[in-house]
Amino acid sequence: MAIAKGYAATDASKPLAPFTFERREPNDDDVVISVQYCGVCHSDIHQARNEWGNSRYPMVPGHEVAGVVSAVGSKVTKFKVGDRVGVGCFVNSCIGCATRDLDYEHYLPGLTQTYNDVEADGETPTHGGYSDSIVVKEGYVLSFPDNIPLDAGAPLLCAGITLYSPLRHWKAGPGKKVAIVGMGGLGHMGVKLGAAMGADITVLSQTLSKKEDGLKLGAKDYYATNDPETFKKLAGTFDLIINTVGTAIDWNAYLNLLKFDGSMVLVGVPEHAVPVHAFSVIAGRKSLSGSMIGSIKETQEMLDFCGAHNIVSEIEKIAIQDINEAYERVIKSDVRYRFVIDIASLAA
């Protein structure tokens, strides 16, 4: 087995630290990737600190993985050494299914996460992209368009698809008024993608501190949610609201901003349950829904869409030695808008 280097969480209460581990031997349908960049997702923090109660240690986080193919198995046909590729939130799916569901595989049992999970053998731990290499089955490797840089493209593999999928599913486009709640790593991608689809985008953020950025990235309007007048002024305004916030806010207040038959879609995951009153959805036949990443097929579609529209994430690159400080800054919303680890720093 090949030896890999990375950073790992070894306990919910301890900072991430250097970690050496074995990657599994490549099979004939595997792609070996030399990792160059990895985005930092808020879910990495939840997992590393066991805030969702399902963490396995030691854990190498990272599911926004961008790099270059260094080797391929004998049965691999889609990739060759030197290709620019990515790995997103899962590395296998439908393990118990007779046929892989290319459209909805991420919603079916048997999904293998890129990290904090085990391989199909039920024993070998999966480790993510805070490392110098990764081995992935060909069908779960993604191609970057030539015009998408790997550093700013890495966050598309989670933040990008997490917003693209609900925008597409709920048919964001010309004539649709869409609100993005939260102007962070997820939210700023919603602004870019929704605007490129032709929707009328409004940002709902706690303050106006990022208003200039939001308008520059494609939003037509920007409102502060710490101002009670915002909820009065915008009542009954939106066809679609996508809530990216990972902390508890009053969902009832946001449901009141929907038009008749409007939908609010959750993509952020608060640590604790949020109460919803029945009248918040009964009045106006409104829907409260959720969305989770996308299939490999849809993720590749998203990458191609981003290539066609020159869409990348707004990033701040960091050395891997700064990951614990970056985690604290993510919690404070002190990043515009996604940290990306330069994996070359592992050699420092």
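- Judged purely by distance below 3.5 Å, without hydrogens or angles, the side chains of D44 and Y115 pair a donor atom with an acceptor atom.
- Both I296 and Y107 belong to a single network of hydrophobic side chains, linked directly or stepwise wherever heavy atoms of I, L, V, M, F, W or Y lie under 4.5 Å apart.
- A salt bridge is absent between E314 and R338: the closest approach of a Lys/Arg side-chain nitrogen to an acidic carboxylate oxygen does not fall below 4.0 angstrom.
- For the pair R23 (side chain) and S133 (backbone), a donor-acceptor distance under 3.5 Å is present.
- Taking all atoms of both residues into account, the shortest heavy-atom contact from Y130 to G39 is CE1-O, 4.0 Å.
- The pair K210-D213 does not count as a salt bridge, with every side-chain nitrogen at least 4.0 angstrom from each carboxylate oxygen.
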Exercise. After noting the C-alpha distance and the side-chain angles of H63 and Q113, does the key distance pass the side-chain contact (heavy atoms from CB on, under 4.5 Å) rule?
Worked result: CA-CA 8 Å; H63 57 209; Q113 297 179 89; over 6 Å; no
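- Residues T207 and S209 bring a donor and an acceptor atom of their side chains to less than 3.5 Å of each other.
- At least one donor-acceptor pair under 3.5 Å links the side chain of K192 to the backbone N or O of V312.
- Inspection of the N324 and E328 side chains reveals no N or O donor paired with an N or O acceptor under 3.5 Å.
- Other residues, nucleotides and ligands contribute at most 12 non-hydrogen atoms within 6.0 Å of the OH atom of Y104.
- A salt bridge is absent between E298 and R168: the closest approach of a Lys/Arg side-chain nitrogen to an acidic carboxylate oxygen does not fall below 4.0 angstrom.
- By the 6.0 Å contact criterion, CG on D146 is open, its count of non-hydrogen atoms from other residues, nucleotides or ligands being 12 or less.
- Side chains of Y37 and E64: a donor-acceptor N/O pair is absent below 3.5 angstrom, by distance only.
- Side chain of D121 to main chain of T124: a donor-acceptor pair is present (N/O by atom type, distance under 3.5 Å, no hydrogens or angles).
- In the hydrophobic cluster analysis, where Ile, Leu, Val, Met, Phe, Trp and Tyr join through side-chain heavy atoms closer than 4.5 angstrom, I341 is grouped together with I33.
- Here I293 contributes atom CD1 and C89 contributes atom SG; the two are 4.5 Å apart, rounded to the nearest 0.5 Å.
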For this session: In sequence, state the C-alpha distance, the side-chain angles, and the governing distance for D342 and I318, and then conclude on side-chain contact (heavy atoms from CB on, under 4.5 Å).
Result: CA-CA 6 Å; D342 183 348; I318 61 168; over 6 Å; no
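- Residues L303 and L142 have side chains in contact (heavy-atom distance under 4.5 Å, counting atoms from C-beta outward).
- Without hydrogens or angle criteria, R84 side chain to I148 main chain gives a donor-acceptor distance under 3.5 Å.
- Distance alone, capped at 3.5 Å, is enough to place a donor-acceptor pair between the T299 side chain and the S295 backbone.
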Exercise. After noting the C-alpha distance and the side-chain angles of V203 and V191, does the key distance pass the side-chain contact (heavy atoms from CB on, under 4.5 Å) rule?
Worked result: CA-CA 8 Å; V203 176; V191 173; 3.5 Å; yes
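- Distance CD1/I282 to NE2/H277: 8.5 Å, rounded to 0.5 Å.
- Using a 4.5 Å heavy-atom cutoff, the side chains of V31 and V135 are not in contact.
- Aromatic ring pairs are classed by plane angle as parallel below 30°, tilted from 30° to 60° and perpendicular above 60°; the pair F305 and H309 is tilted.
- A donor-acceptor contact shorter than 3.5 Å links the side chain of S131 to the backbone of G128.
- Between the CG atom in D200 and the CG atom in D221 there is a gap of 6.5 Å [rounded to 0.5 Å].
- Think of Y223 as one node in a network of Ile, Leu, Val, Met, Phe, Trp and Tyr side chains linked at under 4.5 Å; its network also takes in V181, L204, F231, L234, F238, I241, V245, I249, W251, Y254, L255, L257, L258, M264, L266, V274, V276, V281, L288.
- Side chain to side chain, Y140 and S93 meet the donor-acceptor criterion of an N or O pair below 3.5 Å.
- Ring-plane geometry between Y337 and H188 is classed as parallel, the angle between the planes falling under 30 degrees on a 0 to 90 degree scale with a further cut at 60.
- Between K297 and D103 there is a salt bridge, with a side-chain nitrogen of the basic residue lying less than 4.0 Å from a carboxylate oxygen of the acidic one.
- Looking at T126, its side chain does come within 3.5 Å of a backbone N or O of D117 through a donor-acceptor pair.
- Residues V269 and L186 fall into different hydrophobic clusters, defined by Ile, Leu, Val, Met, Phe, Trp and Tyr side chains chained together at heavy-atom separations under 4.5 Å.
- In this structure, P155 and V340 approach most closely via the heavy-atom pair CG-CG2, 3.7 Å.
- The shortest distance between side-chain heavy atoms of N310 and N147 falls below 4.5 Å.
- Contact check on R329 versus E316 returns a salt bridge, with a Lys/Arg side-chain nitrogen under 4.0 Å from an Asp/Glu carboxylate oxygen.
- Under a hydrophobic-cluster definition in which Ile, Leu, Val, Met, Phe, Trp and Tyr are linked whenever side-chain heavy atoms come within less than 4.5 Å, directly or via other members, I331 and V40 are assigned to the same cluster.
- The two residues F19 and P58 come nearest to each other via the heavy atoms CZ-CG, 3.6 Å.
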Exercise. For S345 and Q321, what are the C-alpha separation, side-chain angles and deciding distance, and is it a side-chain contact (heavy atoms from CB on, under 4.5 Å)?
Worked result: CA-CA 8 Å; S345 62; Q321 292 81 5; 3.7 Å; yes
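- A salt bridge is absent between K75 and E138; no separation between the charged side-chain nitrogens and carboxylate oxygens falls under 4.0 Å.
- Annotation: side chain of C306 is not in contact with side chain of Y164 (no heavy-atom distance under 4.5 Å).
- Side-chain contact check for Q36 versus I343: every heavy-atom pair is 4.5 Å or farther apart.
- Under a cut-off of 6.0 angstrom, the local environment of CD in E119 is crowded, with over 12 non-hydrogen atoms contributed by other residues, nucleotides or ligands.
- Remark: side-chain polar atoms of S205 are not paired, donor with acceptor, to backbone N or O of A224 under 3.5 angstrom.
- Summarising the geometry of S55 relative to N50, their closest heavy-atom pair is N-OD1, 3.0 Å, with the distance given to 0.1 Å.
- Partners of D151 under the side-chain hydrogen bond (donor to acceptor under 3.5 Å, both in side chains) rule, at least two apart in sequence or in another chain, are K317.
- Between K220 and I201 the shortest side-chain heavy-atom distance does not fall below 4.5 Å.
- Residues D132 and V35 have side chains not in contact (no heavy-atom distance under 4.5 Å, counting atoms from C-beta outward).
- For the residue pair P275 and N252, the shortest heavy atom distance occurs at O-ND2, 3.2 Å.
- Between K137 and D30 no salt bridge is recorded (no basic side-chain N to carboxylate O distance below 4.0 Å).
- Using a 4.5 Å cut-off on side-chain heavy atoms (C-beta onward), V330 and I45 make contact.
- Not a single donor-acceptor pair under 3.5 Å links the side chain of N256 to the backbone N or O of A253.
- Side-chain contact, N92 with T112: no donor N or O sits under 3.5 Å from an acceptor N or O.
- One hydrophobic cluster holds both M292 and L240 under the rule that ILVMFWY side chains link at heavy-atom gaps under 4.5 Å.
- Between K259 and D239 a salt bridge is recorded (basic side-chain N to carboxylate O distance below 4.0 Å).
- Considering all non-hydrogen atoms of both residues, V136 and V87 come closest at CG2-CG2, 3.8 Å.
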Scan the side chains in residues 1-18 for donor-acceptor partners under 3.5 Å anywhere in the protein, sequence neighbours excluded, and list what turns up.
residue, atom, partner, partner atom, Å
D11, OD1, S13, N, 2.8
D11, OD1, S13, OG, 2.6

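- Checking side-chain atoms of Y57 against main-chain N and O of A48 turns up a donor-acceptor pair under 3.5 Å.
- Between atom CD1 of residue I242 and atom OG of residue S165 there is a gap of 9.5 Å, rounded to the nearest 0.5 Å.
- N226 and Q206 form no side-chain donor-acceptor contact under 3.5 Å, judged by distance and modelled atom types alone.
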